Colleague: 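What follows is a structure written as structure tokens; I'll ask about it next.
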Amino acid sequence: MATSISASALFPIPIHEVWTALRNFDFPAKLAPSVVQSVELSEKGTQHDIGTTRQVTWKSGETRKSRLIELSDQYHTMRWELIESNPPFEVSAVISCIRCRRVTETNQTLVEWSAEYSSDVSRELLQYEQKAFQDSLDEMRSILSREPTPILYHIHEAPSSRVVWLANELGIPLRIQAPQKKVSNLRMSSDTERSMVKGGLVTCYVEEGLTLLESGAILSFLIEKHDHHHRMIPSEQRERAYYYKYIFYTAATVDHILLDAYKLMYVVQQSPHSSRMHSEHMEVTNESETLLEDAKARWDEDVVPEYERQLRYRTYITGDTFSAADIMVGWTLYTASLLNWFDREQSPILTQYYDRLTKRPAFHKTFSRNTE
């Protein structure tokens, strides 16, 4: 075996609780339900016997059969080798390993998932597998530590779509709920209630003991919490400066232009049984028409030139690498297209950039009309 990768996560529970669950060879069935459809063990022996095989069927339809080759309760280690895959796997051999280590200071558990591949493995596969390992560890930690899945109050196409997009990029678990509650006294209401009464245009994220408003703030929090490999924020100093610039510029300036226009053009309604925004075009008065023209002028004269200057020699808003700043900007372009403000012929640089964003699987999953 020539090439290896690994991912790790800190579980906030004692090692005996973690190992009790992981030492079972069929653990993916219970600990990775978001991606695993079923796990079948061979008839020979039990799930703790060396030589036992298991077949994992993924929700994608792919199947993989593996053989248990090591199980050590002393070293809290399990190893298995891939023996069959349908469709065929992209390498000739792979051996995977899960190891648990006790963190004595806090009585927590460090769980490492690693794999060794034959020399014919590609860099793209290594990157994909490492992300898959990390996503699985995050899900396993959530299940074993019994942490409730955070709630995002979300309406399809609203600013909360940014948070959904980030969650789809990083594999962050979210429980989506539609804002339904109405309150009469905003001054005395909670953050959650205030976001709900504004028709879902203020993004609200809730986890145990914490409520956050505003999509930019929520993105920053979730990146710090979940982006262990720094995929969503640039590492180079100048690119990071652009990252902060366009996160704040988009949230503080551009969002106000777009959302004011959206509220002028549409009556936002919400079905009590859906997480989508249902919009009915309203009659535009002379006063609102003037306001709309002013907003459109600000978009054309200020926002579009600003974005196009930045993108003239860059693939993404901060440089050659996608970041969460592109999620912030991407939603504004999506909304501008809904308002018919996105002139593809007059804005070729912005058009090429937006087309790159729309080709990302996470974008499609977020904004697909079939997504609830």
Side-chain angles (χ1 to χ4, degrees), residues 150-169 172 174-182 192 194-206 212-219 222 247 250-251 253-282 284 288 292 295-296 299 303-304 307 317 324-344 347 350-351 353-372:
I151 299 171
L152 178 70
Y153 292 96
H154 170 60
I155 295 176
H156 188 69
E157 296 175 351
S160 53
S161 299
R162 287 169 170 155
V163 182
V164 178
W165 185 353
L166 177 71
N168 288 331
E169 292 280 356
I172 301 172
L174 288 176
R175 182 154 58 94
I176 303 298
Q177 289 190 6
Q180 298 178 18
K181 188 173 182 180
K182 294 184 178 181
T192 306
R194 284 198 295 275
S195 73
M196 289 179 177
V197 82
K198 292 182 179 180
L201 294 181
V202 176
T203 306
C204 181
Y205 168 92
V206 179
L212 278 179
L213 301 183
E214 305 297 345
S215 60
I218 298 167
L219 257 61
L222 292 178
I247 286 277
T250 302
T253 301
V254 184
D255 280 9
H256 287 289
I257 298 173
L258 290 172
L259 292 176
D260 286 347
Y262 194 95
K263 286 183 284 188
L264 284 169
M265 292 179 67
Y266 295 91
V267 176
V268 180
Q269 297 181 337
Q270 183 189 339
S271 166
H273 304 294
S274 174
S275 58
R276 285 185 180 167
M277 186 155 12
H278 299 272
S279 305
E280 295 179 357
H281 207 281
M282 66 182 293
V284 179
S288 60
L292 281 170
K296 178 64 163 57
W299 170 263
V303 178
V304 172
Y307 285 152
I317 201 70
D326 296 294
I327 293 178
M328 291 293 292
V329 176
W331 179 83
T332 67
L333 299 181
Y334 178 83
T335 304
S337 67
L338 295 180
L339 297 170
N340 293 319
W341 284 9
F342 200 167
D343 191 328
R344 300 179 68 89
S347 308
L350 210 54
T351 295
Y353 166 69
Y354 183 60
D355 287 346
R356 282 193 290 273
L357 297 183
T358 61
K359 291 177 182 177
R360 298 185 69 84
F363 180 98
H364 179 76
K365 185 176 181 180
T366 301
F367 294 104
S368 170
R369 286 293 180 178
N370 296 324
T371 304
E372 283 289 349

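Quantities reported herein were computed from a predicted structural model and do not represent experimental measurements. Counting from 1, the numbers follow the sequence of the chain as shown.
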Colleague: Taking the side chain as everything from C-beta on, heavy atoms only, tell me whether Met328 gets closer than 4.5 Å to Ser215.
Modeller: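 A side-chain contact under 4.5 Å exists here.
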Colleague: Is the shortest side-chain heavy-atom distance between Leu213 and Thr203 below 4.5 Å?
Modeller: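 Leu213 does not reach Thr203 side chain to side chain.
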Colleague: Check the pair Arg356 / Thr351 against side-chain contact (heavy atoms from CB on, under 4.5 Å), numbers first and verdict last.
Modeller: CA-CA 9 Å; Arg356 282 193 290 273; Thr351 295; over 6 Å; no
Colleague: Donor-acceptor pair, distance only, cut-off 3.5 Å: does the side chain of Thr250 make one with the backbone of Ile247?
Modeller: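 Such a contact is absent between Thr250 side chain and Ile247 backbone.
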Colleague: Could you tell me whether the side chain of Ser337 reaches within less than 4.5 Å of the side chain of Tyr354, counting heavy atoms only?
Modeller: yes
Colleague: Is it the case that the side chain of Thr332 and the backbone of Val329 share a donor-acceptor pair, with hydrogens and angles ignored and the cut-off at 3.5 Å?
Modeller: yes
Colleague: Which atom pair, heavy atoms only, marks the closest approach of Leu174 to Tyr205?
Modeller: CD2-CE1, 3.8 Å
Colleague: If I compare all heavy atoms of Leu333 with all of Phe342, which pair ends up nearest, and what's the gap?
Modeller: O-CD1, 3.8 Å
Colleague: Any side-chain heavy-atom pair from Glu157 and Trp331 closer than 4.5 angstrom?
Modeller: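 Contact flag for Glu157/Trp331 side chains = no.
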Colleague: Of the options Ile172, Ile218, Ile176, Asn168, which is the one that meets Val163 in a side-chain contact (heavy atoms from CB on, under 4.5 Å)?
Modeller: Ile218
Colleague: When you measure from the side chain of Ser160 to the backbone of His154, do you find a donor-acceptor pair of N or O atoms at a distance under 3.5 Å?
Modeller: no
Colleague: Is there a side-chain contact between Lys359 and His364 in this structure, where contact means two heavy atoms from C-beta onward sitting under 4.5 Å apart?
Modeller: no
Colleague: Indicate the atoms forming the closest heavy-atom contact of Leu212 with Ala217, along with that distance.
Modeller: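 Looks like CD1-O, 4.5 Å.
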Colleague: Grab the two heavy atoms, one from Ala324 and one from Leu219, that are nearest each other, plus how far apart they are.
Modeller: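 Shortest heavy-atom contact: O-CD2, 4.1 Å.
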Colleague: With rounding to the nearest 0.5 Å, note down the distance linking OH in Tyr307 to CG in Leu350.
Modeller: 8.5 Å
Colleague: Might you point out which heavy atoms bring Leu152 and Cys204 nearest each other, and give the distance in Å?
Modeller: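 For Leu152 and Cys204, the tightest heavy-atom pair comes out as CD1-O, 3.4 Å.
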Colleague: Can you classify the ring geometry of Trp341 versus Trp299 as parallel (below 30°), tilted (30 to 60°) or perpendicular (above 60°)?
Modeller: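 Tilted, since the angle between the ring planes falls between 30° and 60°.
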Colleague: May I ask you to decide whether Asp255 forms a salt bridge with Arg162, counting only side-chain N to carboxylate O separations under 4.0 Å?
Modeller: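 Between Arg162 and Asp255 there is a salt bridge, with a charged N closer than 4.0 Å to a carboxylate O.
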Colleague: Taking all non-hydrogen atoms of both residues, which atom of Thr366 and which atom of Ala362 are closest, and how far apart?
Modeller: OG1-O, 2.7 Å
Colleague: Give, for atom CH2 of Trp165 and atom CZ of Arg360, the distance between the pair rounded to the nearest 0.5 Å.
Modeller: 7.5 Å
Colleague: What class does the angle between the rings of Phe367 and Phe363 fall in, given that below 30° is parallel, 30 to 60° is tilted and above 60° is perpendicular?
Modeller: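 Plane angle between 30° and 60°, so tilted.
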